Amino acid sequence: MKSPSKFEKKFGKYAIRNLSLMLIICYACGYLFQMLYPDLLSYLYLNPYEIIFHGQVWRLLTWLIVPPSSFDFFTLLMLYFYYSLGTTLERTWGTYRYNVYIFSGVLFTILGAFLLFVYTWIFAGDSGVALWGTYQGYSPLASMFSTYYVNMSIFLAFAATYPNMQILLFFFIPIKIKVMGIIYGALLIYQFVAGGVAIRFVIGASLMNFVVFFFTSRGRIHMSPRQVKRRQEFRREVKKTTKITRHKCAICGRTEEINPELEFRFCSKCDGNYEYCQDHLFTHTHVKKY
C-alpha cells in the first residue's frame, strides 16, 4: 500500500468521514426546496455572473444541493447506488484520498464555470453574458453546472478500481461494471465532440478529477474487495508482530503485553542484557561469555 503523503499526514485528520452520506443529505435538502420552494433554486445555482456582479458568493457552495434530476422512485435507487459506490471507494482508498477526489471534482467544476463565463464574455460580449442572467428562475448556462457529472466521476472511479465486479442491470441482467464504464465513457466522448462549447466546458471540468486520478493511479487501482480485505488483515497482523515490547523474559519469552501481571528484572550476574520474568529470575542458569 502506498505510504501516506506529507499532505495526508498533515491534513488527513480534517477529512470528512462518510462523505457520500453528506452528499445524499445535500440532495435531500435540494429536493425539499424543489417541492416546497421551487423559486429558491434559482438562487442556488453555480452562476459566476451573479457571484461577481451581485456578490452572491453563497452560490460557490449551494449548487451542491441542487438536485441533479427530478425526484421519483428511480432517483432513490440511483442515490442508493452512488452511496454504495462512494462508501466502497472510501473504504478502499481511505477517507483522505476519497475526500481529495470528491472536492477536487467540486473545485474543477467551479473553475470550469468561471472559465466558461470569461470565454462567453470575451467571444460573445454582452450577449454571452446575458446567457448567465436569470430569467424567470432559469439561467441557461448556470443550470448546466450541477453535481450530475460529479456523481458520474464516482461511477467511473469505481469502474476503474473494480473493473471485474458484476452488477445486475435492471435487477436481472448480469454485467461487469467495466462494460458500463466503457459505454458511459464513449457516450461522454460523443457528447464532448458533438456538443457545443458550453457542454465541453461542463464535461471537461466536472470529470477532470477522474482524468487526474486515472493517469496518476494506473497500476495501483485494480483491486478486488477480497484483496482489500486481505490487505487490511495483513496490515493488522504485521502491526501485531512488529509491536515493540519493553520487557521480555529470556527463558519463557513472555512479555508485559501478554502477561501484564508479571514483573521483569535484569540479572546482574549474567554477561549481557538478559531480562527475566519473576518466575525465572532466580532459577535460570547465568549466562557467561567465558
Side-chain angles (χ1 to χ4, degrees), residues 20 23-24 26-27 30-31 45-46 63-64 66-89 92-93 98 101-113 115-116 119-120 131 138-218 221-223:
S20 298
L23 294 177
I24 298 299
C26 288
Y27 296 153
Y31 283 119
Y45 285 110
L46 178 58
W63 68 277
L64 292 173
V66 176
S69 61
S70 58
F71 184 80
D72 52 27
F73 178 71
F74 181 73
T75 301
L76 287 177
L77 294 178
M78 292 304 296
L79 290 179
Y80 176 75
F81 177 67
Y82 286 119
Y83 170 76
S84 300
L85 299 185
T87 52
T88 302
L89 286 178
T92 303
W93 297 350
Y98 183 66
Y101 183 77
I102 295 299
F103 286 121
S104 63
V106 171
L107 292 176
F108 281 132
T109 301
I110 295 174
L111 179 61
L115 289 177
L116 179 58
Y119 177 88
T120 54
L131 295 176
Y138 178 76
S139 174
L141 292 182
S143 60
M144 297 178 66
F145 288 91
S146 70
T147 54
Y148 173 78
Y149 289 106
V150 176
N151 290 336
M152 290 300 102
S153 72
I154 297 176
F155 170 75
L156 291 176
F158 188 90
T161 306
Y162 300 109
N164 295 315
M165 177 174 286
Q166 184 171 276
I167 62 174
L168 294 178
L169 184 63
F170 304 119
F171 302 104
F172 65 91
I173 303 177
I175 184 174
K176 288 187 177 181
I177 199 167
K178 68 179 178 182
V179 176
M180 295 183 61
I182 292 173
I183 294 174
Y184 181 71
L187 179 62
L188 284 177
I189 294 175
Y190 172 78
Q191 291 177 346
F192 185 87
V193 174
V197 174
I199 192 63
R200 292 175 184 173
F201 270 92
V202 173
I203 294 176
S206 301
L207 297 180
M208 184 58 66
N209 61 332
F210 172 74
V211 174
V212 174
F213 156 79
F214 181 80
F215 284 102
T216 58
S217 303
R218 287 182 300 176
I221 60 177
H222 301 304
M223 186 176 296

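Values below: all heavy atoms of this structure, side chains included; hydrogens, waters and symmetry mates excluded. The model shown is predicted, which means the values in this text are computed figures rather than measured ones.
When all heavy atoms of S20 and Y83 are compared, the closest pair comes out as CB-CD1, 3.9 Å. Here the closest non-hydrogen pair linking A159 and G181 is CB-CA, 4.3 Å.
In this structure the side chain of F155 reaches within 4.5 angstrom of the side chain of I177, judged on heavy atoms. A heavy-atom distance below 4.5 Å is not found between the side chains of L46 and L64. Proximity of L23 to L79: side-chain heavy atoms (C-beta onward) are nowhere separated by under 4.5 Å. Side-chain contact between Q166 and I175 is absent, with no heavy atoms from C-beta onward closer than 4.5 Å. For the pair F210 and M152, the minimum side-chain heavy-atom distance is 4.5 Å or more. Looking only at side-chain heavy atoms (C-beta outward), F192 and L188 stay at 4.5 Å or farther from each other.
Between the side chain of Y101 and the backbone N or O of S153 there is at least one donor-acceptor pair closer than 3.5 Å. Panel note: side chain S206, backbone I203; no donor-acceptor pair is recorded below 3.5 Å.
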Practice prompt. Show your working on side-chain contact (heavy atoms from CB on, under 4.5 Å) between L107 and L111 and close with a plain yes or no.
Written response: CA-CA 6 Å; L107 292 176; L111 179 61; over 6 Å; no

Item to complete: Apply ring pair (Phe, Tyr, Trp, His ring centres under 6.0 Å) to the pair W63 and F145, showing each step before the final yes or no.
Response: CA-CA 8 Å; W63 68 277; F145 288 91; 8.2 Å; no

Practice prompt. Test side-chain contact (heavy atoms from CB on, under 4.5 Å) on I102 and I154 and set out the steps.
Written response: CA-CA 8 Å; I102 295 299; I154 297 176; 3.7 Å; yes

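Using cut-offs of 30° and 60° for the angle between ring planes, the Y119 and F201 rings count as tilted. Below 30°, between 30° and 60°, or above 60°: for F213 and W93 the angle between ring planes is between 30° and 60°, a tilted geometry.
Counted by atom type alone, S146 and Y45 present zero donor-acceptor pairs between their side chains at under 3.5 Å.
A distance of 12.0 Å separates CG of L187 from CE of M180, quoted to the nearest 0.5 Å. The distance from the CZ atom of F108 to the CG atom of L115 is 11.0 Å, given to the nearest 0.5 Å. Note: L116 CG to R200 CZ = 12.5 Å, rounded to the nearest 0.5 Å.
A search for side chain to side chain donor-acceptor pair (under 3.5 Å) contacts involving K178 returns N164, not counting sequence neighbours. Among residues two or more places apart in sequence or in another chain, the side chain to side chain donor-acceptor pair (under 3.5 Å) test is passed with T75 by D72. Applying the side chain to side chain donor-acceptor pair (under 3.5 Å) criterion to Y27, with sequence neighbours excluded, gives T147, N151. The ring pair (Phe, Tyr, Trp, His ring centres under 6.0 Å) check on Y82 picks up nothing, with sequence neighbours excluded. Residues passing the ring pair (Phe, Tyr, Trp, His ring centres under 6.0 Å) test with F158 are Y162, sequence neighbours excluded. Every residue two or more places apart in sequence or in another chain was checked for a side chain to side chain donor-acceptor pair (under 3.5 Å) with Y149, and none qualifies.
Counting heavy-atom neighbours within 6.0 Å of Y80 OH, excluding the residue itself, gives a total of 12 or less.
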